[in-house]
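Just below is one structure, and these are the notes that go with it.
We count residues from 1, following the sequence as given. No hydrogens, no waters, no symmetry mates; every other heavy atom, side chains included, goes into these values.
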Amino acid sequence: VTVDLHTDQMEGFFEVPLHHLRSADIFVEALQQEKLEPVVVVSPDFGSHKMAKRLAQKLGSELAIVDKTRGALAVQSNSLMGEVRGKSALIVDDICSTGATLRSAAKACLENGATKVYALVTHFLLDREEEIKEIEKIFVTDSVAREGVSQRPKVPLHKLSIAPLLAAVVEPTFSMNITGSIHETI
């Protein structure tokens, strides 16, 4: 069982049956409670496009993509495709380790007229004290244990549990009652 693999091609590395789960529904539920309107889902680079597109479809929102270049020392946003002006931008990424991609995409959104910027990250690895002042809040899943991490990023984190997502597959797997209906709920 995996959640939001970095690329779909990674499924080919497994020699056993694989359930590749998506975190989109967990984020949708949390965003509905925030009541952010209007929103635009933003992919911080072309690699996150599919994940962002899935979320945009679930939210019924527009999609924007940041054209990013990663140099030896920095991440640079070259342009933003799509309209963010007057909307809350929701940057969606599968993994965050340095914060550079989120910061760069957030700056591009604000420079293009977004009213606020939020981030949604499945695997949040950033463990040093890092300020990402361009982002109001980062929604993260608990796919990575964060207990015992001494320094926290200087941005509000909203942790979401992936337990219901995992339970939807693990319980039927162990009870030997695997059906096609499982995949319809994920």
Side-chain angles (χ1 to χ4, degrees), residues 2-13 20-28 30-32 34 36-141 143-144 153-158 160:
T2 63
V3 179
D4 288 337
L5 288 172
H6 192 58
T7 63
D8 289 337
Q9 292 84 353
M10 291 179 78
E11 291 183 44
F13 291 107
H20 183 188
L21 308 179
R22 312 290 182 171
S23 62
D25 287 338
I26 292 169
F27 289 128
V28 167
L31 290 169
Q32 287 171 338
E34 290 286 319
L36 305 173
E37 292 289 334
V39 299
V40 58
V41 176
V42 179
S43 176
D45 52 33
F46 289 107
S48 295
H49 172 259
K50 284 184 182 178
M51 185 177 183
K53 185 176 179 180
R54 273 191 292 275
L55 184 67
Q57 288 172 339
K58 287 180 178 287
L59 291 172
S61 73
E62 297 290 321
L63 177 66
I65 303 171
V66 176
D67 177 25
K68 173 184 89 171
T69 304
R70 183 181 297 277
L73 301 174
V75 172
Q76 178 181 339
S77 294
N78 301 318
S79 64
L80 183 117
M81 294 166 270
E83 185 58 54
V84 299
R85 184 169 308 285
K87 299 175 184 173
S88 291
L90 308 174
I91 300 172
V92 183
D93 211 350
D94 61 334
I95 191 165
C96 173
S97 59
T98 67
T101 296
L102 291 181
R103 187 179 300 106
S104 178
K107 284 180 184 177
C109 290
L110 292 169
E111 288 169 0
N112 284 276
T115 55
K116 292 185 178 182
V117 179
Y118 298 85
L120 300 96
V121 180
T122 305
H123 312 295
F124 192 74
L125 304 174
L126 186 64
D127 64 353
R128 63 179 183 266
E129 200 162 317
E130 187 74 33
E131 185 172 19
I132 308 176
K133 63 181 180 247
E134 299 84 2
I135 298 177
E136 297 283 321
K137 184 188 291 187
I138 302 177
F139 295 84
V140 300
T141 72
S143 69
V144 177
K154 293 180 181 177
V155 63
L157 294 180
H158 183 82
L160 305 169

Practice item. Kindly indicate whether the side chain of I138, heavy atoms from C-beta on, has any atom under 4.5 Å from the side chain of H158. Key: no

Point to revise | Set of side-chain hydrogen bond (donor to acceptor under 3.5 Å, both in side chains) partners for K137, sequence neighbours left out | key: E34

Check your understanding: Who pairs with I26 by side-chain contact (heavy atoms from CB on, under 4.5 Å), at least two apart in sequence or on another chain?
Key -> L160, I162, L165

Point to revise | Distance-minimising heavy-atom pair for N112 and V84 | key: O-CG2, 3.5 Å

**Study point:** Spatial distance of atom NZ (K107) from atom CG (L80) [nearest 0.5 Å]
**Key:** 15.0 Å

Check your understanding: When rounded to the nearest 0.5 angstrom, what distance separates NE2 in H123 from OG in S97?
Key -> 12.0 Å

Report, one line per pair, each donor and acceptor closer than 3.5 Å where one atom sits in a side chain of residues 114-121; sequence neighbours left out.
unit_1, atom_1, unit_2, atom_2, d
T115, OG1, K87, O, 3.2

Point to revise | Minimum-distance pair of heavy atoms, taken over all atoms of G86 and P38 | key: O-CG, 3.8 Å

Review point. How far apart are the closest heavy atoms of V41 and A52, and which atoms are they?
Key: CG1-O, 3.4 Å

Revision key, fill the gap. dist F46:CZ -> D67:CG (nearest 0.5 Å) comes out at 4.5 Å

Check your understanding: Out of curiosity, S61 OG to E37 CD, how far, rounded to the nearest 0.5 Å?
Key -> 9.0 Å

Review point. Which distance, rounded to the nearest 0.5 Å, do you find between the CZ of F27 and the CG of L59?
Key: 11.5 Å

**Study point:** side chain to side chain donor-acceptor pair (under 3.5 Å) pairs, two or more places apart, involving residues 38-48
**Key:** D45-S48, D45-K68, S48-D93

Study note, to complete from the structure: All heavy atoms of C96 vs all of L102, minimum pair found to be SG-CD1, 3.7 Å

Exercise for review: Compare every heavy atom of P44 with every heavy atom of T101, then report the nearest pair and how far apart it is.
Suggested key: CG2-CB, 3.6 Å

Point to revise | L31 vs L36 side-chain heavy atoms within contact, under 4.5 Å | key: yes

Point to revise | Trace of the side chain to side chain contact (heavy atoms under 4.5 Å, CB included) decision for I65 with V42 | key: CA-CA 6 Å; I65 303 171; V42 179; over 6 Å; no

Point to revise | Interatomic distance, L55 atom CG to L63 atom CG [nearest 0.5 angstrom] | key: 9.5 Å

Exercise for review: Could you tell me which non-hydrogen atom of R103 sits nearest to which non-hydrogen atom of T98, and how far apart they are?
Suggested key: NH2-O, 4.5 Å

Exercise for review: Under the ring-ring contact (aromatic ring centres under 6.0 Å, His included) rule, collect the residues that match up with H49, sequence neighbours excluded.
Suggested key: none

Practice item. With sequence neighbours excluded, tell me which residues meet side-chain hydrogen bond (donor to acceptor under 3.5 Å, both in side chains) with E62. Key: none

